[in-house]
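Just so we're on the same page: letters track the sequence lines, and every chain starts at 1.
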Amino acid sequence: MVRKKALLLIVIIAALVLMTYQGKKGKLESLTSLDTLLHATQNVVSSATGSFMRPFRTMTLREEENIRLRNRIAELLLEQSAQQEAVLENKRLKDLLKLRETHRTSVASARVISRGIGYWEHTLVLDKGLEDGVGKDMTVITPLGLAGKIISVAKSYATMLLISDINFSAAVRTRESRLEGVVSGAGSRNCILKYMPYEDEVKPGDVIVTSGLDAFFSQGIPVGYVSKVDTKGIGGNFQYIEISPFQDAAKIEEVLIIR
Amino acid sequence: MKYAAWLIIAFCALLLQGRISVLGVPPDLTVLIAFYAGIRYGEHKGLFAGLLIGFVEDSLSNSMIGPNMLSKGLVGYVAAFFISGGLFRWTPLLGIFSVSILTFFDSVIAVLLKTLFDKRPGTVAAIVFISVMQSLLNALAGAFMRPEHVD
């Protein structure tokens, strides 16, 4: 019993030392090979799910004529749904293409394969990597606006940090009044606009765009709009301002990676 | 063979975790592995299984290595006490209750460690929502995870 407790104590101390070390020296590198294997499998699963599910559904409706007719209707509906999906996808891709043409610095358009592993981190895995010219700290946008930035890249995959993650921040300004601040993720759907003094007038509905002053994000990318302003002092020396991003992180399917 | 099966299960858990979600909250399937190792093989193996899966999870999530490692290690260790047969008699209801509590415990420890050594991973409301949702999502699995002495 004493040995078991001693082992537990050693493990706890070792973990605390490891975290203290990372707190001072920076985070350790990830298991790249396992990461690649996992994302490759996710990509295969993602493509296989669609082709696997359709015949499985139709197989259950084949015995009777009535069932066959229903099956036919179901198939037609599925086709219709697939066509609608294709139309929507076509529209999204056209928007993305337009966006690509307007951004001369575009590197690649990418598809989202899955969410990141950690549930406290707001990350997405993309199907483009070093092979496609993607690099760390590149900006990720959608036709609606800023989506995040690339935080790690493997040969054919990249991980993007969403705008909603607490580790995300970007230099921004209000589009009309040109007031400067920093937008940061809050770990929830909305973001926080920081460092806005009380004398600066920010109103709900004001549009926020990137200012380009941080040297990471180019100027003028739409970020979101002001959804809440609290001037009663909960933000300390600055106003407490919430931003609703134009791009809902939960609805991202295709993105454009730019320099 | 047994270890290969554990590796495949852990890989599938990590794979599923990135693909499924309920109300935007993915289930914490890896904590179930630590829990099962604890109730099945005792404190030592529970602790090491938790440490290992937590380490992989931390490493793959591009965050600080340690919070999930320690929280899942503790879950593996504590799970062995929870249903050792000495203190409680195992029933499916106790399984549900213990998985639910330990999933919540895992979230609390991970959040505390992240807050202490890195940053708080979100607003308090978001953290509470995710933790409660995950403990509810995992709860049912507790009815099917039996300690060895019950078999």
Side-chain angles (χ1 to χ4, degrees), chain A residues 1 3-5 7-8 11-24 26-32 34-35 37-39 41-42 44-46 49 113-125 151-152 159-161 164-167 184-190 192 249-250, chain B residues 11-21 23-28 30 42-44 47-48 50-51 54-71 73-74 77-78 80 107 110-111 113-114 116-127 129-131 133-134:
Chain A
M1 195 63 190
R3 276 181 65 189
K4 280 178 186 172
K5 281 185 180 166
L7 179 74
L8 181 68
V11 165
I12 291 172
I13 291 170
L16 293 177
V17 168
L18 182 70
M19 284 183 276
T20 311
Y21 174 81
Q22 289 173 93
K24 288 193 184 300
K27 289 161 191 171
L28 298 173
E29 286 294 311
S30 65
L31 299 167
T32 317
L34 185 63
D35 206 17
L37 176 68
L38 195 77
H39 295 153
T41 317
Q42 273 169 338
V44 171
V45 170
S46 177
T49 315
I113 300 171
S114 72
R115 276 192 315 276
I117 296 295
Y119 37 84
W120 299 114
E121 288 77 30
H122 295 223
T123 56
L124 294 175
V125 182
I151 51 164
S152 73
T159 306
M160 68 171 278
L161 187 73
S164 54
D165 190 278
I166 48 149
N167 290 308
S184 286
S188 58
R189 192 159 283 189
N190 284 352
I192 308 293
Chain B
F11 188 78
C12 290
L14 288 168
L15 195 73
L16 274 176
Q17 226 165 258
R19 296 198 60 81
I20 53 172
S21 67
L23 297 175
V25 179
D28 186 357
T30 47
E43 296 98 323
H44 273 170
L47 177 68
F48 282 113
L51 284 174
F55 170 75
V56 173
E57 198 175 351
D58 276 333
S59 177
L60 294 179
S61 62
N62 289 293
S63 65
M64 174 180 270
I65 292 174
N68 277 307
M69 192 176 97
L70 188 54
S71 67
L74 287 174
Y77 190 85
V78 175
S107 297
V111 168
L113 291 171
K114 275 174 188 285
L116 267 176
F117 293 97
D118 195 9
K119 279 181 187 169
R120 196 177 69 192
T123 56
V124 175
I127 290 169
F129 177 68
I130 292 174
S131 305
M133 274 299 289
Q134 284 186 329

Grab the two heavy atoms, one from [X] and one from [Y], that are nearest each other, plus how far apart they are.
X	Y	result
A/Ile117	B/Leu60	CG1-CB, 3.8 Å
A/Met19	B/Met64	O-CE, 3.6 Å
A/Ser188	B/Ala126	CB-CB, 4.4 Å

Distance in Å, A/Arg189 CZ paired with B/Thr123 OG1, rounded so as to fall on 0.5 Å steps: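 These two atoms lie 12.5 Å from each other.
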Between CH2 on residue A/Trp120 and CG on residue B/Asp58, distance to nearest 0.5 Å: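 Output value for this atom pair is 13.0 Å.
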Check each atom of [X] against the heavy atoms of chain A and say whether the ones under 4.5 Å are side chain, backbone, both or neither.
X	value
B/Asn68	side chain
B/Met69	side chain
B/Ile127	both
B/Ile20	backbone
B/Ala110	side chain
B/Leu47	side chain
B/Thr30	neither

Do [X] and [Y] have side chains that get closer than 4.5 Å, going by heavy atoms?
X	Y	result
A/Leu7	B/Phe48	yes
A/Ile166	B/Arg120	no
B/Leu74	A/Leu8	yes

Contact winner vs chain B - A/Gly116, A/Gly23, A/Ala186, heavy-atom pairs under 4.5 Å: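 It is A/Ala186.
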Leading residue by heavy atom contact count with chain A [cutoff under 4.5 Å; candidates B/Val25, B/Asp118, B/Leu70]: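 Most heavy-atom pairs within the cutoff with chain A belong to B/Leu70.
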At a 4.5 Å cut-off on heavy atoms, which part of [X] comes close to chain B: side chain, backbone, both, or neither?
X	answer
A/Thr20	both
A/Ile12	both
A/Asp165	neither
A/Leu16	both
A/Gln22	both

Results of side chain to side chain donor-acceptor pair (under 3.5 Å) for B/Ser131 - residues two or more places apart only: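 Testing B/Ser131 for side chain to side chain donor-acceptor pair (under 3.5 Å), a comparison that skips the adjacent residues, returns none.
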Set of residues satisfying side chain to side chain donor-acceptor pair (under 3.5 Å) with respect to A/Ser114, sequence neighbours excluded: A/Gln42
